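Positions are given from 1, in the same order as the sequence printed here. Only heavy atoms go into these numbers, but all of them, side chains included; no hydrogens, no water, no symmetry mates. Everything numeric in this text was worked out from a predicted model, so none of it was measured.
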Amino acid sequence: MVRRGVESGSLDQGLKRQVLAHDIELRFGTALPEAASGIRATGPRGSYAIVVGYVFRTTLPDALVGVLSDRLAPKGYAYLVTAGGRATLACCIFADCANYRGYLDRTVSFFQARTGIDLAGAQRFGGTGNVRLPATARRNGGGTLLAGEAAGFQDALWGFGLRYAMVSGHLAARALLERDPGSYDRRWRARFGGLMRASLVNRYFFARLGDRGYDAFLRHLGAAEDAREWLRRHYAPSVWKDLWYLLLRRAD
Ligand SMILES: Cc1cc2nc3c(=O)[nH]c(=O)nc-3n(C[C@H](O)[C@H](O)[C@H](O)COP(=O)(O)OP(=O)(O)OC[C@H]3O[C@@H](n4cnc5c(N)ncnc54)[C@H](O)[C@@H]3O)c2cc1C
């Protein structure tokens with residue numbers, strides 16, 4: 001399970017170790033000026049979705065449970081992940097975000113009733129997500145390359161952006177190292193522009209399913225011989241998804 005934050009073994013601490021091993025200077029508590037050139041990866045602006053939840057210790061065996069229900073997480077999903085004595089419970093909400101507290105309480109009750117989880121000592125966490133497919137991920141006359149959610153790069157269907165952040169950061173760095181910042185837009189479009197278009201179309205349809213539609217979605221997924229392969233096809237770019245994307249963009 002990928003962990004974030006200051007504790008040892010987290011993704012952030014791993015990245016920090018790699019950075020320091022290359023004698024790169026880290027400056028904490030200092031804001032990057034808007035006009036700074038180079039790579040800007042300052043995270044989400046605006047909120048497309050909200051994630052709220054708890055991390056806590058548990059004696060439950062390792063498991064990953066996802067729930068699709070507009071009662072727990074409108075147009076999104078709730079989940080409980082347990083791994084090695086640690087648990088993460090959250091709801092990822094794509095509508096009615098102002099009432100996130102009520103949805104989180106219901107998600108807690110839902111899992112408590114089924115698993116008996118104990119939230120004593122639990123730490124609350126939360127954050128927002130931003131998704132948009134920009135015409136360009138360059139700013140300030142092209143000298144600033146936006147990476148990760150600062151550019152809007154993220155999977156629109158479920159709100160997963162870690163891989164997008166790293167891949168786009170890598171592509172931005174490559175463009176700078178090859179003294180060709182102008183190629184950045186071409187690079188990210190070629191690498192994941194199609195995936196993002198597909199994810200925006202998937203989100204459009206998913207948001208219209210409702211609880212009955214979620215049932216059908218899960219039945220299809222459950223009946224698939226290989227669920228990962230089924231999801232891979234669901235995520236894959238295609239001509240019809242590109243056409244839908246164009247239609248949706250026009251209607252926007
Ligand atoms: C609760 C939650 C759960 C998630 N779970 C998953 C998941 O399971 N899988 C997945 O793939 N994605 C997940 N995501 C999404 C994923 O975390 C993000 O898409 C990803 O972290 C984006 O990376 P980033 O580097 O663009 O931005 P961030 O990780 O947000 O990092 C941006 C950093 O820039 C700093 N910053 C902001 N402004 C400035 C400034 N002016 N100067 C200097 N620094 C600044 C911020 O403090 C922050 O440290 C989750 C998001 C949330 C909120």
Side-chain angles (χ1 to χ4, degrees), residues 1-15 43-44 46-131 148-149 154-166 199 202-203 206-207 209-215 217-219 221-222 227-228 231 234-235:
M1 184 161 72
V2 177
R3 280 176 288 126
R4 305 291 311 264
V6 292
E7 65 177 302
S8 78
S10 69
L11 172 68
D12 307 74
Q13 295 307 307
L15 292 172
S47 67
Y48 182 84
I50 285 189
V51 193
V52 278
Y54 294 100
V55 285
F56 51 98
R57 292 270 168 194
T58 185
T59 53
L60 287 174
D62 293 1
L64 198 165
V65 184
V67 182
L68 303 183
S69 156
D70 280 341
R71 207 175 61 79
L72 304 188
K75 302 188 190 302
Y77 55 95
Y79 61 87
L80 173 67
V81 183
T82 51
R86 294 163 185 272
T88 304
L89 172 154
C91 53
C92 189
I93 303 165
F94 285 75
D96 195 21
C97 294
N99 293 314
Y100 69 87
R101 280 195 186 85
Y103 293 113
L104 180 57
D105 290 346
R106 265 180 239 161
T107 300
V108 169
S109 305
F110 175 88
F111 282 115
Q112 266 172 341
R114 283 155 183 86
T115 65
I117 45 164
D118 176 7
L119 262 63
Q123 275 184 310
R124 178 118 161 233
F125 70 89
T128 60
N130 178 35
V131 183
E149 279 195 52
Q154 180 162 218
D155 162 56
L157 178 56
W158 306 115
F160 293 145
L162 288 175
R163 185 185 290 252
Y164 279 101
M166 288 191 227
S199 82
N202 284 341
R203 165 110 311 263
F206 186 82
L209 287 182
D211 284 346
R212 280 188 181 186
Y214 302 149
D215 259 0
F217 177 86
L218 290 175
R219 264 203 308 277
L221 181 59
R228 280 197 199 182
L231 282 171
H234 190 62
Y235 264 65

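For Y164, the ring-ring contact (aromatic ring centres under 6.0 Å, His included) criterion is met by F192, not counting sequence neighbours. Annotation: ring-ring contact (aromatic ring centres under 6.0 Å, His included) contacts of Y100 (sequence neighbours excluded): none. For D155, the side chain to side chain donor-acceptor pair (under 3.5 Å) test picks out Y235, with sequence neighbours left out. Shown here are the salt bridge (Lys or Arg N to Asp or Glu O under 4.0 Å) partners of R163, two or more places apart in sequence or in another chain: there are none. Listed by chain and number, the residues in a salt bridge (Lys or Arg N to Asp or Glu O under 4.0 Å) with R4 are D12 (sequence neighbours excluded). A207 meets the side chain to side chain contact (heavy atoms under 4.5 Å, CB included) test with K75, R203; sequence neighbours excluded.
The cationic group of R114 lies under 6.0 Å from the six-membered ring centre of F110 and within 45° of the ring axis, placing it in a cation-pi geometry.
Here the closest heavy-atom approach between residue D70 and residue G210 is recorded as OD2-CA, 3.8 Å. Contact record, S69 with D211: CA-OD1, 3.5 Å, taken as the closest heavy-atom pair. Annotation for L72 and T107: closest pair O-OG1, 3.5 Å, computed over non-hydrogen atoms. Of all the heavy atoms in S10 and G5, the pair that sits closest is OG-O, 2.7 Å. Here the closest heavy-atom approach between residue Q112 and residue I117 is recorded as CG-O, 3.4 Å. Looking at every heavy atom in both residues, Y103 comes nearest to A73 through CD2-N, 4.4 Å.
Within 6.0 Å of the CD atom in E7, the count of heavy atoms belonging to other residues, nucleotides or ligands exceeds 12.
Within the model, atoms OG1 of T58 and CG of L80 stand 7.5 Å from one another, a figure rounded to the nearest 0.5 Å. T88 OG1 to Y79 OH: the interatomic distance, rounded to the nearest 0.5 Å, is 6.5 Å. Taking CG from L221 and CZ from R219, the interatomic distance works out to 12.0 Å, rounded to the nearest 0.5 Å. Taking CG from L119 and CG from L89, the interatomic distance works out to 6.5 Å, rounded to the nearest 0.5 Å. Rounding to the nearest 0.5 Å gives a distance of 8.5 Å between CZ of R106 and CG of N99. Here T128 contributes atom OG1 and I93 contributes atom CD1; the two are 12.5 Å apart, rounded to the nearest 0.5 Å.
With contacts defined as side-chain heavy-atom distances shorter than 4.5 Å, the pair D118/F56 does not qualify. Proximity of R124 to L104: side-chain heavy atoms (C-beta onward) are separated by under 4.5 Å at one or more points. Two residues are said to be in side-chain contact when any heavy atoms from C-beta on lie closer than 4.5 Å; F206 and H234 fail this criterion. Residues V52 and C91 are in side-chain contact: their nearest non-hydrogen atoms beyond the backbone lie under 4.5 Å apart. Put simply, the side chain of Y77 does not reach to within 4.5 Å of the side chain of Y214, judged on heavy atoms.
Put simply, the side chain of T82 gets close to the backbone of P61: a donor and an acceptor are under 3.5 Å apart. Judged purely by atom type and a 3.5 angstrom limit, Q154 has no side-chain atom pairing as donor or acceptor with the backbone of G148. For N130 (side chain) and G43 (main-chain N/O), no donor-acceptor pair under 3.5 Å exists by modelled atom type.
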